[in-house]
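As structure tokens, the structure follows; a few thoughts come after it.
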Amino acid sequence: MIKRLEKEFEQVQAAIDEGVIENVTVAVQYENNSANYTKWDVVIYGRENTIWQGGEFPGTLEFPQNYPTTSPVYTWKLQKTRFLHMNIYSSGKTCIDILNDKIGYSPAKTCVEILKALEDFLYRPNPKSPTNAELAKTFEQDLPKYEAMIKEFVQKYMEEKNKAEQKI
């Protein structure tokens, strides 16, 4: 499993360098000065000219011991706030088909595909399978209000994130 993850990590870095994956950075976590390829730190940056513009959204992609038989888990790690997205649980776990063993995941999926799907996930919420029903309802009934809510969330989140970083 570790050999596969090392190879996939290299493929992800190459995809980022080549522009196949955009607006994403990925780093392997280190424990006791040793790379832990089962935990990747990911940051997804909001694309320009979208309601997510200017946002920097960190998360962790964790691979279980029986990967690739079982899908990895992606958890958004926002500071002191819940991610305002209709398909993200309050815990930060992601409700997305490509990471669901019963629906869209298969051992043939690559980490490049998974990361591309996670970035695209911001821009294509699924109101048919919400973890935040109220937000999904707003999305379907009043799109301009939904977009304004997301823009406000991004702005406030980034202000709080920047304040926290300045204190360090």
Side-chain angles (χ1 to χ4, degrees), residues 1-16 18 20-29 31 35-47 50-52 55-143 146-147 149-150 153-154 157:
M1 172 185 87
I2 297 299
K3 290 280 187 211
R4 176 176 170 159
L5 286 173
E6 287 175 355
K7 183 177 177 185
E8 289 218 46
F9 184 78
E10 289 174 12
Q11 291 170 342
V12 164
Q13 293 304 320
I16 290 170
E18 295 165 7
V20 173
I21 298 175
E22 297 180 307
N23 305 308
V24 177
T25 59
V26 182
V28 172
Q29 287 189 9
E31 295 174 7
N36 179 356
Y37 282 92
T38 65
K39 292 183 182 178
W40 298 4
D41 291 324
V42 178
V43 179
I44 298 176
Y45 301 90
R47 290 183 199 148
T50 71
I51 57 177
W52 298 98
E56 298 174 7
F57 308 108
T60 303
L61 188 60
E62 295 186 61
F63 300 88
Q65 290 301 316
N66 56 349
Y67 176 80
T69 305
T70 302
S71 69
V73 174
Y74 191 80
T75 306
W76 300 86
K77 304 282 186 177
L78 275 59
Q79 297 175 0
K80 300 180 183 180
T81 190
R82 178 181 177 180
F83 202 124
L84 189 62
H85 191 288
M86 72 183 71
N87 305 114
I88 297 175
Y89 294 96
S90 59
S91 66
K93 296 268 191 276
T94 305
C95 179
I96 184 172
D97 290 353
I98 198 167
L99 295 179
N100 185 319
D101 291 324
K102 295 176 182 158
I103 299 173
Y105 178 76
S106 79
K109 295 288 184 200
T110 67
C111 291
V112 169
E113 292 172 297
I114 290 168
L115 289 166
K116 285 177 71 172
L118 283 167
E119 193 231 348
D120 195 50
F121 171 80
L122 287 179
Y123 312 103
R124 299 185 201 289
N126 181 0
K128 303 297 183 226
S129 180
T131 61
N132 182 331
E134 193 62 35
L135 190 58
K137 182 178 176 183
T138 302
F139 176 83
E140 290 186 308
Q141 294 179 356
D142 191 348
L143 188 59
Y146 165 83
E147 290 175 344
M149 290 170 66
I150 299 301
F153 163 76
V154 171
Y157 170 70

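Atom set for the values below is all heavy atoms of this structure, side chains included, hydrogens, waters and symmetry mates excluded.
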CE-CG distance between Met86 and Asn132, expressed to the nearest 0.5 angstrom: 8.0 Å
The reported gap from OG1 in Thr94 to CD1 in Ile96 (rounded to nearest 0.5 angstrom) is 7.0 Å
State the CZ-CG distance between Arg124 and Asn87, to the nearest 0.5 angstrom. 13.5 Å
Out of curiosity, Gln11 CD to Arg4 CZ, how far, rounded to the nearest 0.5 Å? 9.0 Å
For Phe83 and Phe57, what are the C-alpha separation, side-chain angles and deciding distance, and is it a ring pair (Phe, Tyr, Trp, His ring centres under 6.0 Å)? CA-CA 9 Å; Phe83 202 124; Phe57 308 108; 5.1 Å; yes
On a heavy-atom basis, the closest approach of Thr50 and Tyr123 is OG1-CE2, 3.5 Å
Between CG on residue Leu84 and CG on residue Leu135, distance to nearest 0.5 Å: 5.0 Å
Between His85 and Ile150, is a side chain to side chain contact (heavy atoms under 4.5 Å, CB included) present by the stated rule, with each step listed? CA-CA 8 Å; His85 191 288; Ile150 299 301; over 6 Å; no
Where do Phe153 and Trp52 land on the side chain to side chain contact (heavy atoms under 4.5 Å, CB included) test, with the steps shown first? CA-CA 9 Å; Phe153 163 76; Trp52 298 98; 4.1 Å; yes
Using every non-hydrogen atom in the two residues, find where Pro130 and Pro127 come nearest and quote the distance to one decimal. CD-O, 3.3 Å
Could you state the interatomic distance from CD (Glu22) to CZ (Arg47), rounded to the nearest 0.5 Å? 7.5 Å
Could you walk me through whether Val26 and Leu115 pass side chain to side chain contact (heavy atoms under 4.5 Å, CB included), step by step? CA-CA 9 Å; Val26 182; Leu115 289 166; 3.8 Å; yes
Let's go through Val42 and Thr60 carefully: what are the C-alpha distance in whole Å and the side-chain angles of both, what is the deciding distance for side chain to side chain contact (heavy atoms under 4.5 Å, CB included) to 0.1 Å, and is it a yes or a no? CA-CA 6 Å; Val42 178; Thr60 303; over 6 Å; no
